[in-house]
Amino acid sequence: AFLYAGPAINVLAIFLTARVLGFDIGAARALGAVVFAVVIGLAMAFVFRREEAARVEAAVQMPDEPATRPLWKNAMFLATMIAFLVFSDWYNPGDAVVRLADGRELSVVVLQETADEYKVQVQETAPGAREGDHLDLRKSDVLEVVTVRSWVMDLWQVRWWLAGLAGIAVLLMTLTWFEKDERVEWM
């Protein structure tokens, strides 16, 4: 199950999927990957149940493993590494309201800005534009572009600070919680 789910639940790939194809598809990908991993894991457990029983029997006769880090430290380390990936990949959604010279006001996502025009995707149907339409708006036709403020934008403003703090935390945890042999093997 882990070998299947690992690549499928790649944090960066899920964020990229949600950004390119929409939040619904990104969430469905994350949830679907977990569900498929459980189903595949159960199928593999059924297929290889005899081999697993023999392995468990052999493991019973092995000596106990030495003490390891507490689970909360491993969970904190993993969560901090994920926080670093998430904040370093945080994106500016480009949500804006465009006021045009002809009096129209469009709710859009700014996809690209060039010297002469804005390439946008319409978010809400308006006169002359349907939701999802891609438009090329000449800058001479645009009176104003107002960025829509949201918590996503607020985090985007400080994303590098958050990623940096998470990166430093990962480094400190690595140096204090891991043995030298573990660090060498990991690197």
Side-chain angles (χ1 to χ4, degrees), residues 1-95 109-111 123 147-187:
F2 181 77
L3 290 176
Y4 173 79
I9 306 177
N10 177 324
V11 174
L12 295 177
I14 288 175
F15 271 89
L16 183 61
T17 301
R19 173 70 172 140
V20 173
L21 301 176
F23 178 79
D24 295 344
I25 300 294
R29 175 186 176 166
L31 182 64
V34 171
V35 170
F36 281 121
V38 169
V39 169
I40 289 169
L42 290 172
M44 291 302 212
F46 178 75
V47 170
F48 295 105
R49 65 186 179 278
R50 287 188 204 100
E51 290 89 344
E52 185 64 17
R55 189 185 68 77
V56 167
E57 182 64 34
V60 167
Q61 299 179 16
M62 297 291 290
D64 290 338
E65 292 185 22
T68 59
R69 269 179 308 287
L71 179 60
W72 71 268
K73 284 186 177 182
N74 290 333
M76 176 92 61
F77 184 68
L78 180 64
T80 307
M81 287 192 302
I82 290 172
F84 175 78
L85 288 174
V86 167
F87 290 125
S88 64
D89 193 45
W90 202 264
Y91 67 95
N92 176 352
D95 295 344
V109 173
V110 178
L111 303 173
Q123 285 185 317
T147 301
V148 175
R149 299 297 300 179
S150 66
W151 66 272
V152 174
M153 280 295 295
D154 294 339
L155 280 178
W156 184 75
Q157 299 290 331
V158 295
R159 71 190 180 282
W160 293 118
W161 288 103
L162 296 172
L165 288 173
I168 290 169
V170 167
L171 181 63
L172 290 175
M173 288 178 202
T174 302
L175 293 174
T176 58
W177 292 351
F178 289 81
E179 299 295 325
K180 183 179 179 184
D181 294 341
E182 290 176 302
R183 289 192 303 263
V184 169
E185 185 178 329
W186 188 39
M187 290 299 171

List the atom pairs, donor and acceptor, that lie under 3.5 Å between side-chain atoms in residues 7-16 and the rest of the protein, sequence neighbours left out.
unit_1	atom_1	unit_2	atom_2	d
Asn10	OD1	Leu12	N	2.9
Asn10	OD1	Ala13	N	3.2

Inset, instruction - Please examine the side chains of Arg69 and Glu182, heavy atoms only from C-beta on, and report whether any two atoms are closer than 4.5 Å. - result: yes
Legend entry - Minimum heavy-atom distance between Thr17 and Gly26, given as atom pair plus value: CG2-CA, 4.0 Å
Inset, instruction - Please round to the nearest 0.5 Å and tell me the distance separating atom CZ of Phe87 and atom CG of Asp89. - result: 12.0 Å
Legend entry - Within residues 42-61 or reaching into it, pairs that qualify as salt bridge (charged side-chain N to carboxylate O under 4.0 Å, His left out) - sequence neighbours excluded: Glu52-Arg55
Inset, instruction - To the nearest 0.5 angstrom, please state how far the CG atom of Leu71 sits from the CG atom of Leu78. - result: 10.5 Å
Legend entry - Within-4.5 Å side-chain heavy-atom neighbours: Ile82 and Val86: yes
Inset, instruction - Check whether any side-chain heavy atom of Trp90 sits under 4.5 Å from a side-chain heavy atom of Val152, and report yes or no. - result: yes
Inset, instruction - Check whether any side-chain heavy atom of Arg183 lies under 4.5 Å from a side-chain heavy atom of Leu175, and answer yes or no. - result: yes
Legend entry - Considering all heavy atoms, the nearest Val148-Met153 contact: O-CG, 3.7 Å
Legend entry - CE (Met173) with more than 12 external heavy atoms under 6.0 Å: yes
Legend entry - Taking every non-hydrogen atom, the tightest pair across Ala163 and Ser88: CB-N, 3.8 Å
Legend entry - Between CZ on residue Phe36 and CG on residue Leu31, distance to nearest 0.5 Å: 10.0 Å
Inset, instruction - Could you list all the side chain to side chain donor-acceptor pair (under 3.5 Å) pairs where at least one residue sits in residues 151-176, not counting sequence neighbours? - result: Arg149-Asp154
